[in-house]
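Contents: one structure, followed by commentary.
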Amino acid sequence: MIKEYLKMIIVLTLIATVCGFLLSAVKTFTFERIEEQILVNVKGPALKNVLNQATNNPINDRLEIELDGISHTVFIGKKDDRLYAIAFESTGAGFGGDIGVMIGIDIRKSTLSGIGILTHQETPGLGSRISETSFTDKFKGRSVNDNFKVKKDEGAIDAISGATNSSRGVCLATEKGVVLYSKLKAEILKKIKKRSNKK
Amino acid sequence: MKKSLFQEFFKGFWEILPPFRLVLGLCPTLAVTTLAENGLGMGIATTFVLFFSNILIASLKSVIPKKVRIAAFVIIIATFVVVVELVMKAYFFPISQKLGLFIPLIVVNCIILGRAEAFASKNSVLRSAADGLGVGLGFTMSLVLISSIRELLGQGTIFGFGVMWSGFEPFGFMAQAPGAFVSLGMILALINLVPKKL
Amino acid sequence: MEYIVLAVNAILVKNILLAQYLGNCPFMGVSKKTDTAAGMGMAVIFVMTFATFITWFVHYYFLVTFNIEYLQTIVFILVIAALVQLIEMFLKKSVPALYRSLGIFLPLITTNCAILGVAVLVITKDFSFLQSIMYAFFSGIGFALALVIFAGIRERFEISHIPAAFKDMSIALITAGIIAMAFYGFKGLDTSLKSILIK
């Protein structure tokens, strides 16, 4: 009887140990690639779109800025080695859940250099059309002081027909983003100056 | 009468084709089949886990005490699931994002534990490997079939290629949960019309 | 207020069975009679809440502390399996009446992907502890509700004429599709409730 129990414990422990070792080996092997993939795949395409004139790699030149205890990742776009725009993430509630939006702002002109949808759970074929450039381009080039609301809410943005709530979510994220920008601007410029002075 | 290795492999394609003949593993079948690409990804991930867990369980069957076999099976299956999770994140990131929650849930896909208990714990390693691969590929095939139909009607494309005529209005219902249930039910009825033994 | 929105979301809008596709095996398996369906529903509510309670602690105080979040899947499933076993033994000894009504469903629950699904979901959604417990509880109620409705319809199949090919699973799936369509009508209810109640 005792022998039987002992066998159970030993076998299960052995299996679990071997599995644990196998997994930690796989984890070490894939760790760096996963980190890189997350940045490149989730943020990369949207970044390329919103900072389309950047000649540097915004992912490598990112900054962490803290505001009210929350850390924001700010991606820096440089043209000919000089800062021209920044990009960061913002969210707004859509139809199916939160919509994550990458907001690019041209610092010199105080306009949006573009927005890109990072994550959403909107209805495929309807609300999911917020990711199409025909919609996101409506934000491009607008001043940061614009009224980012859909026309139904007396704003400036044409909502996608049949997907007003999803369009609203994107507008909300943009509005929040612009507010965040006005709070972060000074800090960002200071940090960038500090960094270039160091060089 | 014992089946040949070849028959063990091919039974997964028709005789016990999951999820139609073996009505198991419905959650991934319904959830990830909005796009053909997702169905294929899910199928391959499941096949990987099924193949390796079948081999390992068959080779350890004499060592594992009967009373704790389910616990041992679950540990082995879960290990391979985590391997798949990590590898997919590292090399097939976009698809792993789309499948999301349903990759860890391969652990509780009844097909895998079902094959471990009903087949791998009683048969030789070679047979279990053939069984795992056959059932896995059969499952992949079914997922691709369902997801192609849903993608075609729901979005007018297959594997992302537009194949419908230009004025085609996507049938949004098919991309949603109700469409998943109804299309699976319809295909099941069609398959029921054909006898089990060909 | 927040929890009312959460309840509406979990029970009606994002019903775990009908909109999130979790837990479909027991949904098809134990829905032939209303009373078994009700029993299963109760068992799921109970285990789901309890399992999420434990896994939440395991995640934040064990996995995060030791920086091994990648082992989440394997640890959660083992914790859930052990928990179900313990609940079964406890009920058998101490509350035999409850054991007689719920007992037979407990072993089935370990492989119910809704349990593991909700446990993982509350982590990916970054829910607080109370939110997680509430979400699990309401999801369980949503599961029970859908299961009982479904079983009620399925009982009538016995006296209806159904074409041979559609018998059993096929017609069950199509029925589930129609119920899911009915639940689809609730979509957007939570976001509008949110905008009324909060703010």
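Note that the structure is predicted; figures quoted are calculated from it, not measured. Naming convention: chains lettered A, B, ... in sequence-line order (proteins, then strands); numbering from 1 in each chain. Quick note: numbers below take in every heavy atom, side chains included, and nothing from hydrogens, waters or symmetry partners.
- Of the possible donor and acceptor atoms, one in the side chain of Ser170(C) sits under 3.5 Å from a partner among the backbone N and O of Gly185(B).
- Taking the side chain as every heavy atom from C-beta outward, Tyr70(C) and Lys89(B) never approach each other to under 4.5 Å.
- The side-chain heavy atoms of Leu22(C) and Phe102(B), taken from C-beta on, include a pair separated by under 4.5 Å.
- Within the 4.5 Å cutoff, side-chain heavy atoms of Phe181(B) are placed close to those of Asn24(C).
- The minimum heavy-atom distance linking Gly23(C) with Cys27(B) is given by the pair N-SG, 3.4 Å.
- Residue-environment remark: CZ (Phe90(C)) stays at or below the threshold of 12 foreign heavy atoms within 6.0 Å.
- Using a 4.5 Å cut-off between heavy atoms, Leu101(B) touches chain C through its side chain atoms alone.
- The contact between Thr79(B) and chain C is made by backbone and side chain atoms together, counting heavy-atom distances below 4.5 Å.
- Two residues are said to be in side-chain contact when any heavy atoms from C-beta on lie closer than 4.5 Å; Ile75(B) and Ile77(C) fail this criterion.
- The part of Leu113(B) that comes within reach of chain C is its side chain, from C-beta onward, which places non-hydrogen atoms under 4.5 angstrom from that chain.
- Atom OH of Tyr184(C) has more than 12 heavy atoms from other residues, nucleotides or ligands within 6.0 Å.
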| task | Quick one: do Leu173(C) and Val182(B) satisfy side-chain contact (heavy atoms from CB on, under 4.5 Å)? Show the steps, please. | result | CA-CA 6 Å; Leu173(C) 281 163; Val182(B) 172; over 6 Å; no
